[in-house]
Structure formats: structure tokens, C-alpha cells
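As the structure lists them, so they are numbered: ligands from 1, and atoms in each ligand from 1. Everything quoted here is computed from the prediction, not taken from an experiment. Along the sequence shown, the residues carry numbers beginning at 1.
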Amino acid sequence: EKGTYSHFMLKEIDEQPFVMRRIIQEYQDEHDQLKLDQDIRGAMKACDRIYIIAAGTSYHAGLVGKQFLEKMAGIPVEVHVASEFSYNMPLLSEKPLFVFISQSGETADSRSVLVKIKEMGHPALTMTNVPGSTLSREADYTLHLHAGPEIAVASTKAYTAQIAVLAILAVDTAQAKDLELDFDPMQELAIVANAMEVLTDQKEAIETLVRENLGTTRNAFFIGRGTDYFVCLEGALKLKEISYIQAEGFAGGELKHGTIALIEDGTPVIALATQENVNYAIRSNVQEVVARGANDMVFSMKGLEQDTDAFVVRHVHELLTPLVSVVPMQLLAYYAALHRDCDVDKPRNLAKSVTVE
Ligand code: M6R
């Protein structure tokens with residue numbers, strides 16, 4: 001039920017802080033210890049490489065999750081678009097573990113990879129919001145996203161839930177392998193939930209940015225480096241699927257290799273700046289596009305902000321910034337679609353779950 005909300009998408013964006021808290025609760029016991037299935041721990045410890053398979057927004061969550069699993073759990077990870085996997089099948093490691101990320105658990109492209117790798121005898125873990133779904137039933141192990149039903153076609157709370165559960169999986173594996181972490185990830189997730197809550201109260205500011213910068217534009221670009229690049233891909237997907245604005249997310253360093261040719265007077269360029277190690281570099285990319293007439297909107301994080309930034313999110317741990325920086329991206333897409341009278345929850349040509357290959 002939408003309740004007082006005009007759209008499921010807005011309701012689902014607002015639910016994200018609660019989803020974060022629910023995930024923290026669901027995956028911790030009464031002594032604040034992580035309680036992941038022993039079999040999943042075993043599979044994580046036994047594998048020598050993880051292959052993440054997903055589509056769309058879930059693929060974007062996988063890109064973020066790769067960093068957690070590599071940096072915290074020390075396991076090499078490859079992330080693959082499900083529909084491309086069979087054509088570009090990589091040379092597999094000796095002990096691969098396949099991780100399927102899917103909100104619906106019904107995506108046909110992912111299922112065909114699952115069928116194939118099961119035939120080959122490899123283990124599979126599905127992370128899904130629908131535990132009884134096909135991908136969940138056919139895999140060896142399941143991790144529940146606990147996002148609650150997601151109705152809007154544009155995925156929002158499932159994306160942040162996927163990232164949070166991937167972080168928990170990485171932490172749990174690190175603990176199982178006796179690896180030291182120099183921060184308390186569960187506490188950091190709680191800080192993220194609070195930062196998200198602040199953002200859901202700042203809708204007017206985002207709506208104003210949309211009115212001033214995305215009013216009648218036909219295209220928009222999202223630039224970022226490092227983790228921010230992955231959030232740019234998600235921000236662009238969100239914007240195009242519901243507002244029909246042609247949007248592209250790309251790595252700041254790639255600008256000069258082609259895309260900068262498209263920047264002209266008034267072209268909206270959304271830049272993400274939440275990572276200290278790339279702050280200087282992304283800001284020079286912003287200067288490059290502004291010099292060519294772009295209409296810049298920088299979304300930065302407290303501590304890295306500059307006076308001219310369009311929006312500043314609260315400070316959170318550098319690995320977890322996507323959970324926070326994606327919220328204004330979701331809101332940008334929402335208001336852009338709303339202002340264009342688009343059908344926010346049911347965009348044209350799209351279905352909530354894509355059950356054909
Ligand atoms: O249910 P899944 O997570 O497997 O769905 C994957 C994609 O179809 C999905 O994320 C799609 O890209 C969304 N409409 C994006 O908002």
C-alpha cells in the first residue's frame with residue numbers, strides 16, 4: 001500500500017533507513033554477533049574467487065560489493081552482467097563461488113547462468129528480496145535482503161539492501177578468516193541509516209535542483225571516480241528509466257577520451273565527490289566541463305565539500321558512501337520524472353521483473 005505517498009518509488013526511497021536498521025537486526029544475534037548460516041561461511045571460506053552475476057541495478061550493487069569482498073574478506077571478485085556471461089565466459093578459477101544478486105529472484109538472464117554453472121557443478125549463493133523465488137530455490141544458499149516488497153519498477157531500497165548485505169557477507173567472512181578490520185562495520189551501517197534519514201528530509205532541496213537544472217534537458221551526464229563511478233552508473237540508469245532523459249554515467253578520467261565532445265552550453269553534469277583519494281581529480285574534471293559551458297551539480301560528502309557544491313551528504317565510512325550518495329540520485333530521478341509527467345512507478349517498456357532472455 002502506498003499510504004499517504006503519491007508513488008511507491010518515493011515511499012521506497014523513504015524506507016531505506018528502516019531497511020538498513022532491519023538488516024542490522026536480522027543479521028545480528030542478541031550479543032551483536034553476526035549470525036550467517038554456517039554453510040554460507042563454509043562456502044565463502046572454501047572459494048578462491050567469487051563471480052557475481054546480476055543485471056541492471058543489481059549489477060551496480062555487485063560492483064560496489066566487489067570492493068567489500070576484496071578489501072575486507074580478501075577474496076578476488078569478478079562482476080558480470082548476466083546476459084553477457086555465456087558469450088564472454090571467463091576462465092574460471094579452481095574453486096569458484098557464484099553469487100547471484102537479484103531483487104526479484106526471477107531474472108531470466110541470471111537464471112540461465114545459474115542453470116549453466118550448476119551443470120558444471122559449481123556452488124551458488126543467491127542474494128534476493130524474495131526467498132521463495134526461482135533463483136533462491138535453485139541455488140545452494142540464500143541470503144535474504146529484507147528490503148520488504150519493492151513495487152516501483154525503478155529499484156531503490158533493494159539496491160541499498162543489496163549493498164548492505166554484501167557488506168555483512170564480507171565482514172562475516174573476514175571474521176571467519178580471522179582477518180582484522182580497522183572499523184566496526186555494523187556501527188558504520190547504523191551511522192549510514194541516520195545519514196539516509198537526514199536525506200529523506202531534504203527532498204525540497206533536490207526538487208529545486210531538478211527544477212533549475214534538469215527542466216527541459218534532453219541529456220545529462222554523471223561523472224565520478226572510484227566507488228563514486230559505480231554510483232554514477234546507477235544514478236544514470238535511474239534517471240533514464242523513469243524520466244526518459246538520455247543519461248550516461250562514466251568515469252571522470254574517461255571524459256577526455258571521448259564524452260567531453262558532447263558537453264555544450266547548459267549540458268547538465270552531475271559529479272559525485274565522496275572519496276578523499278579522488279577528490280582533487282574529480283574536481284578538475286568538473287572544471288573541464290564547466291569551461292565548456294556545462295551546468296555542474298556536485299554532490300559531495302561532509303569534509304570534502306566546496307562552497308559551490310550543489311548538495312552535501314553527511315560523512316560516512318568511505319567504503320559505505322554509495323549507500324548514502326545514491327539517495328539524492330534516486331530523488332533526482334524521481335523529481336525529474338514527476339516534473340515531466342512521466343509514469344514514475346511504471347515507466348514505459350519496462351517490467352518489474354524481466355523473465356525473458
Ligand atoms: O530483480 P532483479 O534485481 O534481478 O532485476 C534486475 C534488473 O532488471 C533491475 O535492477 C532493473 O535494472 C531495474 N528496473 C532498475 O531500476
request  = Show your reasoning for whether side-chain contact (heavy atoms from CB on, under 4.5 Å) applies to E138 and K118.
outcome  = CA-CA 9 Å; E138 294 180 359; K118 287 310 308 168; over 6 Å; no
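In E241, the part holding a heavy atom less than 4.0 Å from any atom of ligand 1 is the side chain.
Contact atoms of ligand 1 toward A154: 16 (O) (distance under 4.0 Å to a heavy atom of the residue). The atoms of ligand 1 that sit less than 4.0 Å from any heavy atom of S102 are 1 (O), 2 (P), 3 (O), 4 (O). The contact set between ligand 1 and K238, taken as ligand atoms under 4.0 Å from a residue heavy atom, comprises 15 (C), 16 (O). The S58 neighbourhood of ligand 1 comprises atoms 2 (P), 3 (O), 10 (O), with distances under 4.0 Å to a heavy atom of that residue.
Counting only heavy atoms of the protein, atom 6 (C) of ligand 1 lies nearest to A55 O, 3.3 Å. For atom 5 (O) of ligand 1, the closest heavy atom belonging to the protein is T107 OG1, 3.5 Å. Closest to atom 11 (C) of ligand 1 among all protein heavy atoms lies T57 N, 4.2 Å. The protein heavy atom nearest to atom 8 (O) of ligand 1 is V354 CG2, 4.0 Å. From the protein, the heavy atom lying nearest to atom 1 (O) of ligand 1 is S104 OG, 2.7 Å.
Polar contact check, V153 against ligand 1: a nitrogen or oxygen pair lies under 3.5 Å apart.
For K203 and E207, the salt-bridge test fails: no basic side-chain N is under 4.0 Å from an acidic carboxylate O. Between K302 and D309, none of the side-chain N atoms (NZ, or NE/NH1/NH2) sits under 4.0 Å from a carboxylate O, so this pair counts as no salt bridge.
The list of ring-ring contact (aromatic ring centres under 6.0 Å, His included) pairs with a residue in residues 260-312, not counting sequence neighbours, reads F299-F311. Under the ring-ring contact (aromatic ring centres under 6.0 Å, His included) criterion, the residue pairs touching residues 320-357 are H7-Y334, with sequence neighbours excluded.
A perpendicular orientation is assigned to the rings of H146 and Y27, their planes being inclined by more than 60° (bins at 30° and 60°).
Here the closest non-hydrogen pair linking L166 and A61 is CD1-O, 3.6 Å.
Partner of D228 under the side chain to side chain contact (heavy atoms under 4.5 Å, CB included) criterion, out of N279, I282, L272: L272 alone.
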